[in-house]
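Input: a single structure, listed below in structure tokens.
Just so we're clear, the structure is a prediction, and the values are computed from it rather than from any experiment.
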Amino acid sequence: MIDFPMSLADDSIRVELSGPAALITFDRPATRNAMTEAMWRALPGQMRNLAEDARVKAVLFTGAGGHFSTGADITEFANTYGSPAAARATNDKIETARAAISELPKPTIAVVPGLAVGAGCGLAMACDLRFASDIAHFALPPARLGAAYPFPGIRQLVGLVGPARAKEMLYSGRLVGADEALRIGLADRVFATDALLEETISYVENVVALSSNSHRVAKQLVDAVAMGAEADESDLRDLFESTFASEDFQEGYRAFLEKRKPAFR
């Protein structure tokens, strides 16, 4: 059973490790986990640490106090968006943080107990999967502030829900409930609120028992398709075929023949 006993916390982002899994918690519950500039700066380094930690086979993201995140902290906007240069630097920090999550070579799951709004919704979309409580809500409301949403986030949104639904969400800025999010592809699983983390951990326990190398290759191949790859290019074919020369493949097929569970590294 996975728990998360070892904390590498700072004041606003907690990183808790337990063997094969890591849980990252955005921890500013009084602000519904609004993301400060310091938090955006911290995420890429945390992702590098998790990518390099061979013990960690999957990473979960969630928020404290019943919400995921309501996005960038609006109380900082006078500084972070006070000039065109400041706005570009801020947006670069946010996109660098989201890209660090997207590019993490391990399965990632956003565990969304309540609100995932604006850049908070973008953080959830940067994960491979989104598991939500039955009272969760997602929204992209930049039109309420006279702003727009960045291209990388819109590309992910369109990939999940399609162009028409993406436009509808951006035009209206409305809250999308968990059931609708599941129906349109913005959420992948919906659980009762009090069972959300337990059900997610149960799913992750099955994932981390399988081949991390297979997961890494699958993620790269799926992402290549999502980015527009249409042919079985040589580097993608080499990536696929590399799995058959791996220690994991040797262990996997031998375990099958021996009728036992594989013990992947």
Side-chain angles (χ1 to χ4, degrees), residues 1-8 14-25 46-62 99-112 124-132 159-160 182 185 187-192 195-227 229-265:
M1 179 68 177
I2 295 170
D3 57 11
F4 298 92
M6 190 176 93
S7 178
L8 307 178
R14 286 188 283 116
V15 183
E16 299 166 277
L17 305 178
S18 181
L23 176 68
I24 293 186
T25 302
Q46 291 168 334
M47 295 305 100
R48 284 193 296 272
N49 291 340
L50 292 172
E52 294 168 2
D53 192 331
R55 298 170 300 167
V56 176
K57 295 187 176 184
V59 182
L60 281 60
F61 296 80
T62 195
I101 295 173
S102 293
E103 294 166 8
L104 189 70
K106 301 177 182 186
T108 56
I109 303 176
V111 185
V112 183
M125 290 193 299
C127 296
D128 298 325
L129 303 171
R130 283 146 298 283
F131 288 6
L160 292 170
L182 180 65
D188 298 289
R189 299 281 182 90
V190 173
F191 301 108
L196 173 62
L197 188 56
E198 179 182 355
E199 292 284 359
T200 303
I201 289 172
S202 177
Y203 176 88
V204 171
E205 287 176 332
N206 291 324
V207 169
V208 299
L210 304 180
S211 166
S212 293
N213 187 56
S214 293
H215 293 153
R216 178 185 61 82
V217 171
K219 183 166 184 169
Q220 287 183 256
L221 292 174
V222 171
D223 287 349
V225 173
M227 293 292 287
E230 295 182 355
D232 192 10
E233 300 168 3
S234 59
D235 57 336
L236 299 179
R237 183 63 182 266
D238 290 347
L239 182 64
F240 157 68
E241 291 185 343
S242 71
T243 62
F244 297 96
S246 69
E247 292 182 8
D248 277 7
F249 180 66
Q250 298 295 318
E251 169 62 15
Y253 86 76
R254 286 173 182 161
F256 180 83
L257 292 174
E258 295 167 8
K259 295 182 171 54
R260 59 175 175 82
K261 288 185 179 180
F264 296 117
R265 293 186 178 183

Problem - Donor-acceptor under 3.5 Å (E251 side chain, F264 main chain) - result: no

Handout entry: Note: R48-E52 ion pair, threshold 4.0 Å (strictly below)
Key = no

Problem - T200 side-chain N/O to L196 backbone N/O, donor-acceptor pair under 3.5 Å - result: yes

Handout entry: Which residues share a side-chain hydrogen bond (donor to acceptor under 3.5 Å, both in side chains) with S214, sequence neighbours left out
Key = S211

Completion exercise
Across all chains, not counting sequence neighbours, the side chain to side chain contact (heavy atoms under 4.5 Å, CB included) partners of D235 are E233

Practice task
Could I get the full list of side chain to side chain contact (heavy atoms under 4.5 Å, CB included) partners for E103, not counting sequence neighbours?
Solution key: A99

Problem - Side-chain donor/acceptor of K219 to backbone N/O of K106, under 3.5 Å - result: yes

Problem - Any D53 side-chain heavy atom under 4.5 Å of L17 side chain - result: yes

Practice task
Before accepting this row, confirm whether a basic side-chain N of the pair E199/R189 lies closer than 4.0 Å to the acidic partner's carboxylate O.
Solution key: no

Fill in the blank from the handout: The ring-ring contact (aromatic ring centres under 6.0 Å, His included) partners of Y253 (sequence neighbours excluded) come to F249

Handout entry: OG1-CG distance between T108 and L50, expressed to the nearest 0.5 angstrom
Key = 11.0 Å

Problem - Residue among V59, V204, T62, I201 satisfying side-chain contact (heavy atoms from CB on, under 4.5 Å) with I109 - result: V204

Practice task
Mind checking the OG1-CZ spacing from T243 to R216? Nearest 0.5 Å is all I need.
Solution key: 9.5 Å

Handout entry: E247 atom CD: more than 12 heavy-atom contacts under 6.0 Å
Key = no

Handout entry: Atom of P20, atom of V208 and distance for their closest heavy-atom approach
Key = O-CG1, 3.7 Å

Exercise for the section: Please answer whether the main-chain N or O of H215 pairs with a side-chain N or O of K57 as donor and acceptor at a distance below 3.5 Å. Expected result: no

Handout entry: S102: side chain to side chain contact (heavy atoms under 4.5 Å, CB included) partners, not counting sequence neighbours
Key = A126, Q156

Exercise for the section: For D188, enumerate each residue passing the side chain to side chain contact (heavy atoms under 4.5 Å, CB included) test, keeping only those at least two apart in sequence or located in another chain. Expected result: L129, R130, F131

